[in-house]
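These notes concern the structure reproduced below.
Just the heavy atoms: all of them, side chains too, but no hydrogens, waters or symmetry mates, feed the values below. Here is the naming used below: chain letters follow the sequence lines, and residue numbers restart at 1 for every chain. What you are looking at is a predicted structure, and each value in this text was computed from that prediction instead of being measured.
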Amino acid sequence: MTSFSADYFARPTVAVAQDLLGTVLVHTEAGRERQVGRIVETEAYTQDDPAFHGWGLYDEATGTLQQEGRGIELFGAPGTAYVYLIYGMHWLLNVVTEPEGTGGAVLIRAVEPLEGDGVMHQRRSAARRRQDLTNGPGKLTEAFGIDDAFHGTMLTEPPLFFAALEEPRSFDMATSSRIGISKGVERPWRFFIDGHPYVSPATPSDQA
DNA sequence: ACGAGGATGCTCT
DNA sequence: GAGCATCCTCGTG
């Protein structure tokens, strides 16, 4: 299992978000079962996007980037983890995209567990069905034990990394508006494996 | 099956 | 004080 290098992430964000479908997220921990999840749902966020957590840091008219502010890490090295707390209780995992100096990130929204069911069930005691282990962005971070300790780490090497699984792709990709946002709703930047049972059950933001 | 409401903490106004 | 890239529980059909 060979991890993706920084070059893989140093590309247009939408392309990375689509390409990550069908690849795997891997977490290795000493003395514990390895956790592997096949990515079935992602979202893209770019620097000119009002829903982006670094929106306004880059001024397109002058080409200048602020030195600090919320989400400044999203302009850093491609392949870096951007982990943040949402609604005061759930950690969400993003991977930084685009070349350094350009902002962008892909949110990992859902995976299908391939290895590590035991650990995931331990961490996700609320899950009644197997798909509830990882069919949402906050659920998968809990199942994989991902929190702010991973913020800023490189997702190009263990203990947490991405890798290829299947070649060629053996699924149909579907698209929708992103979920849970109020700005940038018109951008069709949620990507998922059509009909897959581990896709999150939430409703896209452009629907009633 | 589905919808309403609450939990809970950090950032920006 | 509001808003937030969410999840869970408890109602009603």
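- Among the protein residues, Ile179(A) comes within range of the sugar-phosphate backbone only, with heavy atoms under 4.0 Å from sugar or phosphate atoms but none that close to a base.
- If you measure from atom OH of Tyr87(A) to atom P of dG3(C), you get 11 Å, rounded to the nearest angstrom.
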Between the protein and nucleotides 7-10 of chain C, list the N/O to N/O atom pairs that are separated by less than 3.5 angstrom.
| from | atom 1 | to | atom 2 | distance (Å) |
| --- | --- | --- | --- | --- |
| dC7(C) | OP1 | Pro137(A) | N | 3.3 |
| dC7(C) | OP1 | Gly138(A) | N | 2.7 |
| dC7(C) | OP1 | Lys139(A) | N | 2.9 |
| dC7(C) | O4' | His90(A) | NE2 | 3.0 |
| dC8(C) | OP1 | Arg124(A) | NH1 | 2.6 |
| dC8(C) | OP1 | Arg124(A) | NH2 | 2.9 |

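- Nucleotide dA5(C) holds its P atom 12 Å from the CG atom of Leu74(A), rounded to whole Å.
- You'll find the side chain of Phe192(A) stays beyond 4.5 Å of the side chain of Ser200(A), heavy atoms only.
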Next item on the list: Would you check, one step at a time, whether the test salt bridge (Lys or Arg N to Asp or Glu O under 4.0 Å) holds for Lys139(A) with Glu41(A)?
Entry: CA-CA 13 Å; Lys139(A) 296 177 192 176; Glu41(A) 181 179 354; over 6 Å; no

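- Stretches of at least 3 consecutive Watson-Crick or G-U wobble pairs, with each checked distance under 3.5 Å, appear in DNA chain B as B:1-7 with C:6-12, B:9-12 with C:1-4.
- Side-chain atoms of Gln35(A) come within 3.5 Å of backbone atoms of Glu33(A) as a donor-acceptor pair (strictly under, hydrogens ignored).
- In this structure, Asp49(A) places its CG atom 14 Å from P of dC4(C), rounding to the nearest Å.
- In this structure, the OH atom of Tyr84(A) is 19 Å from the P atom of dT8(B), given to the nearest Å.
- The distance between atom CD of Glu43(A) and atom P of dC4(C), rounded to the nearest whole Å, is 14 Å.
- Using a 4.0 Å heavy-atom criterion, one finds that Arg178(A) contacts no nucleic acid atom at all.
- Atom CD1 in Ile86(A) sits about 14 Å away from atom C1' in dC12(B), given to the nearest Å.
- The nearest whole Å value for the distance from the CD1 atom in Ile108(A) to the P atom in dT6(C) is 14 Å.
- One atom, CH2 of Trp55(A), and another, P of dG3(C), lie 16 Å apart when rounded to the nearest Å.
- A donor-acceptor distance shorter than 3.5 angstrom exists from the side chain of Ser177(A) to the backbone of Val185(A), with no hydrogens or angles considered.
- Nearest heavy-atom pair, Val36(A) versus Phe144(A), reported as atom, atom and distance to 0.1 Å: C-CZ, 3.9 Å.
- Annotation: dG6(B) and dA2(C) have their P atoms spaced 15 Å apart (nearest Å).
- Within 6.0 Å of atom CD in Glu186(A), more than 12 heavy atoms from other residues, nucleotides or ligands are found, so the atom counts as buried in its surroundings.
- Around the CH2 atom of Trp91(A), the shell of radius 6.0 Å holds more than 12 heavy atoms that belong to other residues, nucleotides or ligands.
- Here Tyr45(A) packs flat against the base of dA5(C); its ring centre is closer than 5.5 angstrom to the base's six-membered ring, tilted by less than 30 degrees.
- Phe52(A) and Val16(A) fall into different hydrophobic clusters, where Ile, Leu, Val, Met, Phe, Trp and Tyr are joined by side-chain heavy atoms under 4.5 Å apart, directly or via other members.
- Ion pair Asp48(A)/Arg187(A) flagged as a salt bridge, since at least one NZ, NE, NH1 or NH2 atom sits closer than 4.0 Å to an Asp/Glu carboxylate oxygen.
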